[in-house]
> 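This is the structure I have questions about; it appears just below.
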Amino acid sequence: MRLPRTYGFWLIALATLGTIGCATMGPPPSVEPLMPRRGITPRSYKMKLAVFNLQDPTGSGGKLSESVAEVLHISLFETNRFELMQRAELRGIDPGDTKRIQEQYRDRLDALVVGSITHFDTVKKTVALNVNVMNPYGTTMAAKHFVVKYSGNINVDADRDDIDRIAEWIERSFPKLATGEVISRSSDRITVNLGTDSGVQVGMWMLVASRGDIVRDPQTGEFLGSDIYVGEVYVVAINPATCDARLVRNVNKRIPQIKVGDKVVFK
């Protein structure tokens, strides 16, 4: 059966148009692949502290300013709760220059242990101290007054039991908290689903973790983990059930490494 000439003409025209259209449009655009999330090496996995010499506005404390700091450093180290910066670097620093200390150690520490001698009693051989633990951005996270006994006259030594009480107080001030989750992200801030009801306080530090490749022991096949750390943040505002934290370290500022659903682990 032969088709009418007009009908054949239209079939040829439609086929030609289809060929031209395909050539013009080309293949469908490919979806741009997501950039891989790169991890960071945290400056510390525990809360990192530095114990500075005490200020001595009384002018009567002598070597106690350094002695108290040395013993407190040892006591805090023995709690196994913190990572301590070596005292050798800190001995020659003026403890009264708090602002410079904060700026100098901001990228290396989570908290500064500073204090001052408020009263010196040579008869009872006691020294009254104010001890503060502060975030390197200036937030006071814990503060308390103590009385410490000492021995000696020239080479003075602070009483170890009294200093241990200060170390125990600092440890209790920063208990290990539950793991949380990022519930919102805006610029350099995140909101986490933990607040004062969970023991969170302003100034505390968190590591933000994202799920990465599963890591197994090559010999036993045992599951070792799958999280990668993508940022460090510290708490700047707090509510009963949530807290806001500021991002202070990120691998690539052009890529929002922290995302909703990421896990947060308190130091």
Side-chain angles (χ1 to χ4, degrees), residues 39-54 65-91 93 95 101-102 105-115 129-137 139-146 148-149 157-180 192 194 196 198-209 215 217 222-229 231-235 243 245 248-249 263-267:
I40 66 168
T41 301
R43 56 189 169 192
S44 63
Y45 294 92
K46 296 179 179 180
M47 190 174 177
K48 190 168 185 178
L49 304 181
V51 182
F52 293 85
N53 289 350
L54 303 178
S65 172
E66 184 174 328
S67 174
V68 170
E70 296 287 352
V71 180
L72 182 56
H73 173 95
I74 295 170
S75 294
L76 287 169
F77 177 80
E78 291 178 351
T79 67
N80 200 35
R81 169 65 179 86
F82 308 102
E83 180 179 332
L84 276 295
M85 175 174 273
Q86 293 297 321
R87 279 280 302 157
E89 181 180 340
L90 308 175
R91 292 188 185 108
I93 295 177
I101 291 172
Q102 290 172 353
Y105 293 98
R106 186 162 291 166
D107 296 330
R108 301 169 60 187
L109 294 171
D110 298 319
L112 321 171
V113 180
V114 296
L129 314 172
N130 286 332
V131 180
N132 297 279
V133 184
M134 65 172 58
N135 181 290
Y137 289 84
T139 301
T140 297
M141 297 186 285
K144 193 173 181 180
H145 182 77
F146 293 90
V148 174
K149 297 185 291 295
D157 292 310
D159 184 85
R160 178 62 189 264
D161 290 339
D162 287 344
I163 299 299
D164 283 345
R165 287 192 296 109
I166 301 177
E168 290 167 3
W169 163 72
I170 294 175
E171 184 181 14
R172 289 195 306 271
S173 298
F174 304 99
K176 281 287 189 178
L177 302 183
T179 298
V192 176
L194 295 174
T196 52
S198 302
V200 182
Q201 55 185 315
V202 173
M204 296 181 76
W205 288 85
M206 295 178 281
L207 295 173
V208 185
V215 179
D217 187 296
E222 179 186 2
F223 174 76
L224 299 177
S226 63
D227 291 336
I228 57 173
Y229 293 108
E232 296 187 50
V233 297
Y234 69 96
V235 178
C243 65
V248 295
R249 183 177 179 185
K263 182 173 70 175
V264 296
V265 180
F266 283 88
K267 289 191 178 184

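Treat the numbers as computed from the prediction; the structure is a model and nothing was measured. Any value given below was found using the heavy atoms of this structure, including those in side chains, with hydrogens, waters and symmetry copies removed.
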> Taking the side chain from S65 and the backbone from N53, do they hold a donor-acceptor pair closer than 3.5 Å?
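The answer is no, because no donor-acceptor pair under 3.5 Å joins these two groups.
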> State plainly whether the residues R160 and E78 are in salt-bridge range, i.e. N to O under 4.0 Å.
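Judged by the 4.0 Å cut-off on N to carboxylate O distance, R160 and E78 do form a salt bridge.
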> Any heavy-atom pair between the side chains of L109 and K48 that's under 4.5 Å?
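When only atoms from C-beta onward are counted, L109 and K48 do touch, with a gap below 4.5 Å.
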> Quick one: does Q201's side chain get under 4.5 Å of V235's, heavy atoms only?
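They are not in contact (no side-chain heavy atoms under 4.5 Å apart), so the answer is no.
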> Ring-plane angle category for Y137 and Y234, please: parallel below 30°, perpendicular beyond 60°, tilted otherwise.
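Plane angle under 30°, so parallel.
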> Heavy-atom distance under 4.5 Å between the side chains of D110 and F82, does that happen here?
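A side-chain contact is absent here, since even the closest heavy-atom pair is not under 4.5 Å.
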> In the structure I gave you, are the side-chain heavy atoms of Q102 and M134 within less than 4.5 Å of one another anywhere?
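Side-chain contact under 4.5 Å: yes.
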> If I take atom CG from residue L112 and atom OH from residue Y105, how far apart are they, to the nearest 0.5 angstrom?
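These two atoms lie 9.5 Å from each other.
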> Donor-acceptor pairs under 3.5 Å, side chain of residues 166-180 to any protein atom, not counting sequence neighbours: which ones?
unit_1, atom_1, unit_2, atom_2, d
S173, OG, W169, O, 2.8

> Are any of the side-chain heavy atoms of V113 and V131 separated by less than 4.5 Å?
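They are in side-chain contact.
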> Could you measure the distance from the CG atom of N135 to the OG1 atom of T140? Nearest 0.5 Å is fine.
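Those atoms lie 9.5 Å apart.
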> Mind listing the closest non-hydrogen atom pair of A158 and V68 along with its distance?
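Of all heavy-atom pairs spanning A158 and V68, the closest is CB-CG2, 3.9 Å.
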> Please examine the side chains of V265 and Y45, heavy atoms only from C-beta on, and report whether any two atoms are closer than 4.5 Å.
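No. Closest side-chain heavy atoms not under 4.5 Å.
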> Got more than 12 heavy atoms from elsewhere within 6.0 Å of CZ, F146?
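Count over threshold, so yes.
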> Check whether more than 12 heavy atoms from other residues, nucleotides or ligands sit under 6.0 Å from atom CD of E89, and answer yes or no.
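Above 12, so yes.
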> First locate atom OG of S44, then atom CG of L207, and finally report the distance between them rounded to the nearest 0.5 Å.
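Rounded to the nearest 0.5 Å, the OG-CG separation comes out at 7.0 Å.
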> Determine the minimum heavy-atom distance between M206 and C243, stating which atoms define it.
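Taking M206 first and C243 second, the nearest heavy atoms are CE-SG, 4.4 Å.
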> What distance do R91 atom CZ and E70 atom CD have between them, rounded to the nearest 0.5 Å?
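Here the interatomic distance stands at 4.0 Å.
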> Check side chain to side chain donor-acceptor pair (under 3.5 Å) between K46 and all other residues, then give those that pass, not counting sequence neighbours.
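K46 satisfies side chain to side chain donor-acceptor pair (under 3.5 Å) with N80 only.
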> Would you compute the distance between atom CZ of F266 and atom OG of S198 and round it to the nearest 0.5 angstrom?
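Spacing of CZ (F266) from OG (S198) equals 8.0 Å.
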> Strictly below 4.0 Å, N to O, side chains only: are E232 and K267 in salt-bridge contact?
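Counted as a salt bridge, because a side-chain N and a carboxylate O are separated by less than 4.0 Å.
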> Can you name the one residue among D157, D161, I163 that meets side-chain contact (heavy atoms from CB on, under 4.5 Å) with D159?
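That would be D161.
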> If you round to the nearest 0.5 Å, how far is CE of M141 from CG of N132?
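Nearest 0.5 Å value for the CG-CE distance: 11.0 Å.
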> Would you say L72 and R87 make side-chain contact, with heavy atoms under 4.5 Å?
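No; the side chains remain at least 4.5 Å from each other.
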